Amino acid sequence: MVDSMGHDPVRGDAGEVADGPELDKEERAARQLIMTLGGKPEPTALSDRDEENPVPLPSPLPAAASREAQPELDVVPTARALVPQEIGAPAVGPGERLVRIAYAAGIRGRLITSPLSKPAKRRVLSTVTPPLPGDRAAGMALRAGHFLIHGVKLPIAQLEFGPGTRQQSPLIERHVHSYAWLRDLAGSGARPQVEATALRIHRMWLDAHPLPAKGPAWEVEVSARRTLAWLVHAPLILSNKAVRGRTLAALDKTARWLDSQVSKACDKQAEVFVWGALVAAGLLLPEGKPRRLFAEAGMARALGDFVGEDGGVQSRSPLAQMELLELLTELAACYRSMKMEPPKFVTAVSELIVPPLLAVVHGEGGLGNWQGAGAVSSDKVNELIRASGVRTRPLKEPRGWGYHRASAGKTILQFDAAPPPLARYSRSGCASTLAFELSAQGQRIIVNCGGAAWAGAQVPARIEQGLRATAAHSTLVLEDVNSTAILIKGQLGAGVGEVEVDRRTMGGGARGGATRIEASHDGYASRFGLVHRRVLVLRDDGTELAGEDVLLPASKRGKRGKVGYAIRFHLGMGIAARLSEDRKGAGLVLPDGSHWQFRVAGEYTGTLSIEDSLFVDGQGRPQAIQQLVLQGMTPRSGGSFAWLFKKMG
């Protein structure tokens, strides 16, 4: 669309620049700061010459800087950098470094790059080719007149967009206000087929939100995601001349507002998305180079904090891992639309985060249910990785990511052998330490409930905290107490502080080799005086998983009395379970007709039962499943419980 995408600049209706005395004052302040900085070529807080002793920004700041305090930027120190040679603020010359400093101080881009020229007309400089296909079913539902969000249908005509009209769950409101649906709509048909629907919803939203304000639509991360969606899918919302000027004005105002809101992001993941939106705005809006330079430095720094050395995000959430890869993939598309190569940190982080994501993929290609994630389908995972252009293998031996993966034939084991995420990173944090999932031949045998991150759609919000509990995972629980405290708003409290892991490959014998993973956590040490150790041994032919749960005294002085335990094994969808006659085992019939057997080893004195459970699938739908539960009482001096899953026939 030549007329609206930048070849024929389109001017907005309002809010171009300040005029009169206010403009003169700001221009004088800008020039004064630039001259001052120009006479001081020594390293600054953004310089790559002196990372350990950053020089503060010049003081006093000009009047423009007093609007909002800007976050101080610096290059990620080598000790904290992911890959010191690749991840960090892009190298720039003295002039561009000066521009970055001036923009961080609050001076508008035009006053830095061309203070004497007239302001450029509002437009989007290039058409981005959307790299991600979206959910076609959700897009078709929009064309039929309703949103489809995690299986929940909402008629467009009945939805209130305005502030103070909270009628839906936060999950649904974030989806609507962030314009996540725009990607789905774009992927459901050719532009002429979807344009009218996009404009209909977009008009309603613009009418309700003419200016940045309070409420769910103006949460910082939501605003950032909306800005990026508008830029990537600009043809759908700029095709109408009457709406175009309002949209471009809203883009400009939101980008300026986001400049001052980065430090107010609720967590590091939100901060990364704000920087990403600002990078895209700097690329695709006129006079954006200062904003881009400023945002690239900020994003590199935020990624250094949010992504661990092994490529796993600090929240340990597969959903967050996917969302970060989506962001980087769309940013790369924005750069290429401007005929620019993405900075090294964009491609380096993309390559770094795919192996951990693949580590939590099961045989059928869908995600495991970890840290609030549901079983995201193989189609979505494959489409995302294909769009990223990254080709690699799964991460087997993680560090901070914590999910160990062992594969034997077509059997895959996933084992959570790390502490839960820190409170400042978690959004749907789960007390899942030492839980595991098992799949074979594309069939999930042992799972976790999952889905806490999708509570508020088909998953009832009232059970969100239950889905985050230790009992919702396939691991051991003492006295129905979580191994790590579950707090409100997705965060976690005290509990597991240390996890010790030992992984080794066992040599082949008469029955072949095996992978052995042993891990222990201290989550129950302070309350019950016991340490939980779990050993998992997966045979190389994939037909047998042997396990042992051991409770050890946390100190030399063991406590007296007994404590109740339960070891839960949540079974995959469609598995029929039946207890053996001696009630020391169970037969499992999988949907594909194959048979597995579960047995308790030794002289087990507890009970084995089959109980109801639930599983959240890739569409966010709770599904009824069953679970095997070993339970009983064990002395405070400790105990040991061995068990076995074995394929029959």
Side-chain angles (χ1 to χ4, degrees), residues 129-159 161 168-202 204-205 225-226 228-230 232-233 235-237 318-319 322-323 325-327 329-330 357 361-362 364-369 372-388 442 444 450-451 453-460 573-574 591 614-624:
T129 301
L132 302 173
D135 186 329
R136 179 175 173 79
M140 294 300 292
L142 283 166
R143 292 166 59 181
H146 57 265
F147 287 95
L148 181 62
I149 305 171
H150 295 299
V152 175
K153 290 185 177 181
L154 294 171
I156 296 172
Q158 296 179 15
L159 204 61
F161 289 90
Q168 305 298 331
S169 70
L171 175 74
I172 292 175
E173 287 187 328
R174 284 193 298 270
H175 184 92
V176 172
H177 291 302
S178 68
Y179 274 62
W181 50 268
L182 196 55
R183 180 193 300 166
D184 301 333
L185 184 61
S188 68
R191 179 179 154 189
Q193 297 174 306
V194 303
E195 199 172 77
T197 302
L199 286 171
R200 175 192 174 192
I201 303 172
H202 186 52
M204 295 169 65
W205 193 93
R225 289 175 182 258
R226 179 171 63 249
L228 183 61
W230 285 9
V232 171
H233 300 284
L236 295 184
I237 57 175
L319 291 180
M322 288 188 68
E323 289 174 355
L325 186 58
E326 290 172 352
L327 170 65
T329 302
E330 290 191 326
L357 180 63
V361 168
H362 278 290
E364 90 287 0
L367 287 186
N369 287 21
V376 176
S377 70
S378 59
D379 290 343
K380 291 185 178 180
V381 176
N382 292 336
E383 287 171 351
L384 173 58
I385 293 176
R386 190 181 305 115
S388 73
R444 299 195 188 204
W454 295 340
Q458 291 193 81
V459 177
M573 287 176 54
L614 67 82
F615 172 80
V616 180
D617 67 14
Q619 300 299 318
R621 298 171 299 194
Q623 303 284 351

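These figures come from a predicted structure and were not determined experimentally.
Shown here for Pro622 and Gln458, the closest heavy-atom pair between the two residues is CG-O, 3.7 Å. In plain terms, the two heavy atoms of Ala453 and Leu319 that are nearest each other are CB-CD1, 3.7 Å. Pairing each heavy atom of Leu142 with each of Thr197, the nearest pair is O-CG2, 3.5 Å. Contact detail for Gly618 and Lys380: the closest heavy-atom pair is O-NZ, 4.4 Å. For the pair Leu171 and Trp454, the tightest heavy-atom approach, listed with the atom from each and the gap, is CD2-O, 3.3 Å. Between His202 and Trp230, the closest heavy-atom pair is CE1-CZ2, 3.5 Å.
A donor-acceptor contact shorter than 3.5 Å links the side chain of Arg143 to the backbone of Ser188. For the pair Asn369 (side chain) and Ala375 (backbone), a donor-acceptor distance under 3.5 Å is present.
Residues Gln168 and Val152 form no side-chain contact, since every pair of their non-hydrogen atoms from C-beta on lies 4.5 Å or further apart. No side-chain heavy atom of Arg225 sits less than 4.5 Å from a side-chain heavy atom of Arg174. When side chains are defined from C-beta on, Val176 does not count as touching Ile201, because their heavy atoms never get closer than 4.5 Å. Leu357 is listed as a side-chain neighbour of Leu367, based on a closest heavy-atom distance under 4.5 Å.
Taking CZ of Arg183 as the reference point, atom CD of Glu330 lies at 4.5 Å (rounded to 0.5 Å).
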